[in-house]
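Beneath this line is the structure, given in structure tokens, with notes to follow.
Naming convention: chains lettered A, B, ... in sequence-line order (proteins, then strands); numbering from 1 in each chain.
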2 protein chains.
Amino acid sequence: MGFNAKEYLESVSIDCVVFGFHNNQLKVLLLKMKYTQEWSLPGGFVKLSETVEDAATRILRERTSLTDIFLKQFRVFSDPERSKMNPALKDLIELGDQPDLDWFAKRFISVGLYALVDFTKVIAVPDNFSDYAGWKNLDEIGNLMLDHSLIVQKALNTLRLQISYQPIGYNLLPEKFTMPELQALYETLLGKTLDRRNFQRKILSFDILNKLPETKKGGAHKAPFLYEFNLENYKKALENGLTGGW
Amino acid sequence: MGFNAKEYLESVSIDCVVFGFHNNQLKVLLLKMKYTQEWSLPGGFVKLSETVEDAATRILRERTSLTDIFLKQFRVFSDPERSKMNPALKDLIELGDQPDLDWFAKRFISVGLYALVDFTKVIAVPDNFSDYAGWKNLDEIGNLMLDHSLIVQKALNTLRLQISYQPIGYNLLPEKFTMPELQALYETLLGKTLDRRNFQRKILSFDILNKLPETKKGGAHKAPFLYEFNLENYKKALENGLTGGW
DNA sequence: ACAAAAGTGTTGTAAATACACCCATGC
DNA sequence: GCATGGGTGTATTTACAACACTTTTGT
């Protein structure tokens, strides 16, 4: 667990915006910093043998206990002022309980990646700098550490753009889900309501869903059918892109 | 002109894919390396006081003599092997005519940015490592130095995606241009031919063009009207996105 | 006057939208 | 049995694609 600066690429950090979907709400995984009590994104550094994606996969495996995480870099954050006035770093330096302090005090640029995960499968684990890890609703995220609020905002923007030419939902929903759940995801990301019937027709026309014979019982009303993604066609759609927008 | 490694962010380089459009062909600005004679992308390093975009602007000002360049980061290239076996570096090290050689020999991740410029306004200038700078047609780019071929490919991909939800052409065409020229740009980027009449109707429906009273004379046939971008609406379209794809 | 390229118009088809009606379930 | 939400169907409107004809210019 010891941190050895020599194993890592200098000047480069990564920050991950982990999105989950639960109770028809989009959530982000956040860490609560030990000394400052600020909320921050899970992140870390890149080992000399890793790509940025490798590093993010490793870090998120530790934070979520998930292997096989869907992630995508979306932006580099390189404002020279972005890590100035970092209270957490100040505290660390004062406390002096970390080696390689000058390494941390240097300027970093950060590669932003977003990850889409199945909310129900995540076991959130804090890192060395935090004492709590958990989900927050998108609209309940207040001010985050450093420029992390900006990073979340840009990640969300990217996701919203991607939804119009790529299928989405795999990685974000459980294996089996209902049409209303999928629609709620789209509505959350797009920030607007969609017509139930037209949504169904359109999403089915993409041919990326398998309708299952089962229905989801236990709801207060008529039991909706369950669907799963047709992975083969889903991947094809990812490559070729979808036609129209929403 | 002297290079002082201490002024720069460690481990981070940038590579710029500069696109220009001329004679109905998409072109990329390339440098020919001094010793190896390999072709490479213009690039460089990030000063401690700069953002990635600042650095790219500075570097491209030197390479193109343009100020005010439209550019956008599109990807980080972080394969640990990407700068191994660099013949150029080997030669440099053998020649020993550069200070800070171990700095260069370290592993770098590179931020890829693409730039769109007006071909006719560029005065290409080589850098310290190259003895020639000039344009190459997209289909005439052979193997480039390091992973630069991959970088060009990814930049092009990004551009192709963006064209379907954003207006394009400003920064890439002269102030005044004809409809066939604009169409040729779209056809090049999309890699397919479009119907002249449908193209005109669609692009006009975006309301981002001003039709000028002048025509472009000198062609062998009927003189086409000149257009210019309506900057106000163009910017609106950039923010709001366009509706359909191509 | 002819060829080549640009301007303008029409029409059929497919997709997006806006609805209405029926069905299952829990209270 | 009634309120709620889900499943399915159908017109209308709009956008897209395919195509024809006329106009202008240089040779």
Per-nt protein contacts along nucleotides 19-27 of chain C (heavy atom under 4.0 Å; B base, S backbone sugar-phosphate only, - none) come out as BB--BBSS-
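- If you check every strand for non-hydrogen atoms under 4.0 Å, K211(B) touches sugar and phosphate atoms only.
- Residue Q200(A) contributes atom CD, which lies 8 Å from atom C1' of dT8(D) at whole-angstrom precision.
- Atom P of nucleotide dA16(C) and atom CG of L204(A) are separated by 13 Å, given to the nearest angstrom.
- Put simply, NZ on K202(B) is 13 Å from C1' on dT14(D), counting in whole angstrom units.
- Counting only distance, with no hydrogens or angles, the side chain of Y234(B) and the backbone of Y170(B) share a donor-acceptor pair below 3.5 Å.
- As a whole-Å value, the separation of F206(A) CZ from dA15(C) P is 11 Å.
- At least one donor-acceptor pair under 3.5 Å links the side chain of R160(A) to the backbone N or O of L189(A).
- Taking atom CE of M179(B) as the reference point, atom P of dG7(C) lies 7 Å away to the nearest angstrom.
- Residues meeting the salt bridge (Lys or Arg N to Asp or Glu O under 4.0 Å) test with R82(B), sequence neighbours left out: D15(B), D147(B).
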Go through D127(A) and S130(A) one step at a time and tell me if the side-chain hydrogen bond (donor to acceptor under 3.5 Å, both in side chains) criterion holds. CA-CA 5 Å; D127(A) 63 14; S130(A) 54; 2.7 Å; yes
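- Taking the nucleotide of DNA chain C with the nearest heavy atom to each of S205(A) and P224(B), the more 5' of the two is matched to P224(B).
- Distance, K216(A) NZ to dG7(D) C1': 17 Å, rounded to whole Å.
- The distance from atom CZ of F225(B) to atom P of dT23(D) is 14 Å, rounded to the nearest whole Å.
- We find that CD of E214(B) is positioned 17 Å from C1' of dA6(C), with the value rounded to whole Å.
- Partners of D195(A) under the salt bridge (Lys or Arg N to Asp or Glu O under 4.0 Å) rule, at least two apart in sequence or in another chain, are R197(A).
- Scanning for salt bridge (Lys or Arg N to Asp or Glu O under 4.0 Å) contacts around R196(A) gives an empty result, with sequence neighbours left out.
- No side-chain heavy atom of L41(A) sits under 4.5 Å from any side-chain heavy atom of C16(A).
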Stepwise side-chain hydrogen bond (donor to acceptor under 3.5 Å, both in side chains) test for T51(B) and D54(B): CA-CA 5 Å; T51(B) 64; D54(B) 290 339; 3.2 Å; yes
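- For the helix from dA1(C)-dT27(D) to dC27(C)-dG1(D), the rotation axes defined at the first and last 5 base pairs enclose an angle of 10°, given to the nearest 10°.
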Identify all side-chain donor-acceptor contacts of residues 211-223 of chain A below 3.5 Å with residues at least two apart in sequence or on another chain.
{"from": "E214(A)", "atom 1": "OE1", "to": "K176(A)", "atom 2": "NZ", "distance (Å)": "3.4"}
{"from": "E214(A)", "atom 1": "OE2", "to": "K176(A)", "atom 2": "NZ", "distance (Å)": "3.1"}
{"from": "K216(A)", "atom 1": "NZ", "to": "E181(A)", "atom 2": "OE2", "distance (Å)": "2.9"}

